[in-house]
Amino acid sequence: MRVGYQGVNGAFSEAAVKMLFEGRDYEEVGYSDFISMFRDVEDGTLDYAVFPVENTTTGIIARTYDHFQHYDVHIVGEAVVPIRECLIAIPGTAIEDIREVYSHPEALSQCQALFETYPDMKPHAHEDTALSVSYIKDLGDKTKAALASELAAETYGMEILIKAVQDSDVNMTRFFLVTKRGEYPEDADKVSIRMVTGHTPGSLFNALGVFASLNINVLKLESRPIYGRVFEYCFYLDFAGSLKDPDVQEALRRLHYDCVELNVFGNYKAAMDYM
């Protein structure tokens with residue numbers, strides 16, 4: 001079984017894979033971009049892939065979400081990984097030596113207090129948290145550090161100067177488990193969809209009213225601009241329920257009538273008790 005994730009050994013996405021596939025035999029496959037992963041899931045090169053979709057500090061990871069509508073894949077699982085960013089450097093480095101800190105832009109944005117505390121440290125965007133650790137290791141320069149996980153520091157034999165430098169103590173990233181097959185787990189209790197409502201007064205109100213009328217709990221609602229259209233928006237929505245539930249089936253039937261576009265991304269077991 002081949003499971004794809006974005007990044008290299010030590011990335012937080014790898015931690016999500018380990019969480020979702022604990023006790024199972026599988027092969028990890030690291031990717032440098034999300035589109036290649038989507039394509040490889042769609043054509044069967046990968047059995048599964050794990051995608052980050054939301055962070056409790058910085059919000060929706062739009063560059064992931066916006067791809068789901070373009071590929072014939074299904075969300076069948078979810079994981080929530082605590083994000084503990086560590087300041088990592090060459091062994092023997094003193095904090096006072098550091099002038100540049102490398103990491104993924106999302107990680108840098110989640111650690112602003114670090115740069116306020118140490119104004120001599122300047123953030124530099126890198127393609128991946130774990131790769132930033134590999135990068136500074138290869139440079140061998142004690143004026144450079146990285147923000148990444150404890151796993152990344154351990155993987156590359158580097159030293160953690162400060163643990164958990166993220167701004168929030170409840171910093172977590174949500175990941176979707178995606179596959180080609182729409183075989184949803186029996187205990188699935190959460191549904192993710194994309195909808196585009198009409199541009200008429202009350203259209204969004206009417207769509208959301210469908211859930212209220214059927215006593216279905218809406219867990220998340222995000223608006224996103226529609227690519228190629230001028231100031232037109234779609235909505236990403238999560239709600240509690242199973243696609244086998246008659247009330248959920250009725251809700252989707254009504255939404256097909258009320259919405260201009262409707263995509264069901266998947267049905268899966270919630271990683272946390274939102275209900």
Side-chain angles (χ1 to χ4, degrees), residues 3-6 12-24 26 34 37-38 41 47-69 71 73-84 106 110 168-195 207-208 210-224 234-252 254-255 262-275:
V3 183
Y5 68 97
Q6 191 274 326
F12 288 107
S13 291
E14 185 192 25
V17 172
K18 294 182 182 300
M19 184 180 294
L20 286 161
F21 289 89
E22 184 178 6
R24 301 168 68 182
Y26 63 93
F34 292 131
M37 271 204 298
F38 273 106
V41 173
D47 297 291
Y48 295 93
V50 172
F51 294 91
V53 292
E54 186 178 9
N55 179 265
T56 53
T57 300
T58 56
I60 187 175
I61 302 173
R63 67 185 186 283
T64 307
Y65 251 117
D66 291 345
H67 291 310
F68 278 100
Q69 61 186 293
Y71 295 91
V73 298
H74 304 270
I75 302 166
V76 295
E78 178 185 65
V80 175
V81 177
I83 304 299
R84 302 290 181 264
E106 293 277 350
Q110 295 164 17
S168 172
D169 290 335
V170 291
N171 189 24
M172 295 179 283
T173 295
R174 179 179 171 221
F175 293 83
F176 279 155
L177 177 65
V178 174
T179 185
K180 171 69 174 176
R181 302 176 299 279
E183 301 171 357
Y184 303 118
E186 287 296 321
D187 60 352
D189 58 5
K190 190 174 178 182
V191 181
S192 290
I193 67 173
R194 171 188 178 269
M195 64 183 189
L208 294 177
V210 168
F211 297 100
S213 67
L214 293 167
N215 199 33
I216 294 173
N217 189 18
V218 173
L219 306 171
K220 171 189 173 66
L221 179 67
E222 290 269 358
S223 66
R224 284 285 297 159
C234 67
F235 298 93
Y236 295 126
L237 192 145
D238 295 343
F239 61 89
S242 166
L243 292 177
K244 297 178 181 178
D245 187 328
D247 285 341
V248 170
Q249 293 173 4
E250 174 63 14
L252 294 174
R254 294 189 198 176
L255 287 174
L262 181 66
N263 308 97
V264 178
F265 290 154
N267 191 196
Y268 49 93
K269 177 65 177 174
M272 300 177 68
D273 185 7
Y274 296 89
M275 281 47 113

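Just so we're clear, the structure is a prediction, and the values are computed from it rather than from any experiment. What you see below is based on every heavy atom in this structure, not just the backbone, and it leaves out hydrogens, waters and symmetry mates. Counting from 1, the numbers follow the sequence of the chain as shown.
Across all their heavy atoms, A251 and I216 have their closest contact at CB-CD1, 3.8 Å. Across every non-hydrogen atom of A79 and M19, the tightest pair is CB-SD, 3.9 Å. In terms of heavy atoms, P52 sits closest to T173 at CB-CG2, 4.0 Å.
Every residue was checked against the side-chain hydrogen bond (donor to acceptor under 3.5 Å, both in side chains) condition with Q249, not counting sequence neighbours, and none meets it. Applying the side-chain hydrogen bond (donor to acceptor under 3.5 Å, both in side chains) criterion to E14, with sequence neighbours excluded, gives N9. Applying the side-chain hydrogen bond (donor to acceptor under 3.5 Å, both in side chains) criterion to S192, with sequence neighbours excluded, gives D238, Y268. Partners of F175 under the ring pair (Phe, Tyr, Trp, His ring centres under 6.0 Å) rule, at least two apart in sequence or in another chain, do not exist in this structure. Qualifying side-chain hydrogen bond (donor to acceptor under 3.5 Å, both in side chains) partners for S168, counting only residues two or more places apart in sequence or in other chains: none. Qualifying ring pair (Phe, Tyr, Trp, His ring centres under 6.0 Å) partners for F21, counting only residues two or more places apart in sequence or in other chains: Y26, Y48.
Side-chain contact between D189 and K269 is present, with heavy atoms from C-beta onward closer than 4.5 Å. Between F265 and H74 there is no side-chain heavy-atom pair separated by less than 4.5 Å. Contact of the K244 side chain with the E186 side chain is registered, since non-hydrogen atoms from C-beta on lie closer than 4.5 Å. Side-chain contact between S242 and V248 is absent, with no heavy atoms from C-beta onward closer than 4.5 Å. Counting only heavy atoms from C-beta outward, the side chains of R174 and K220 approach each other to under 4.5 Å. When side chains are defined from C-beta on, L237 counts as touching L208, because their heavy atoms get closer than 4.5 Å.
Taking the six-membered ring where tryptophan is involved, the planes of F68 and F38 are perpendicular, since the angle between them exceeds 60° and thus also 30°.
Ion pairing between R224 and E222 fails under the 4.0 Å rule for side-chain N and carboxylate O.
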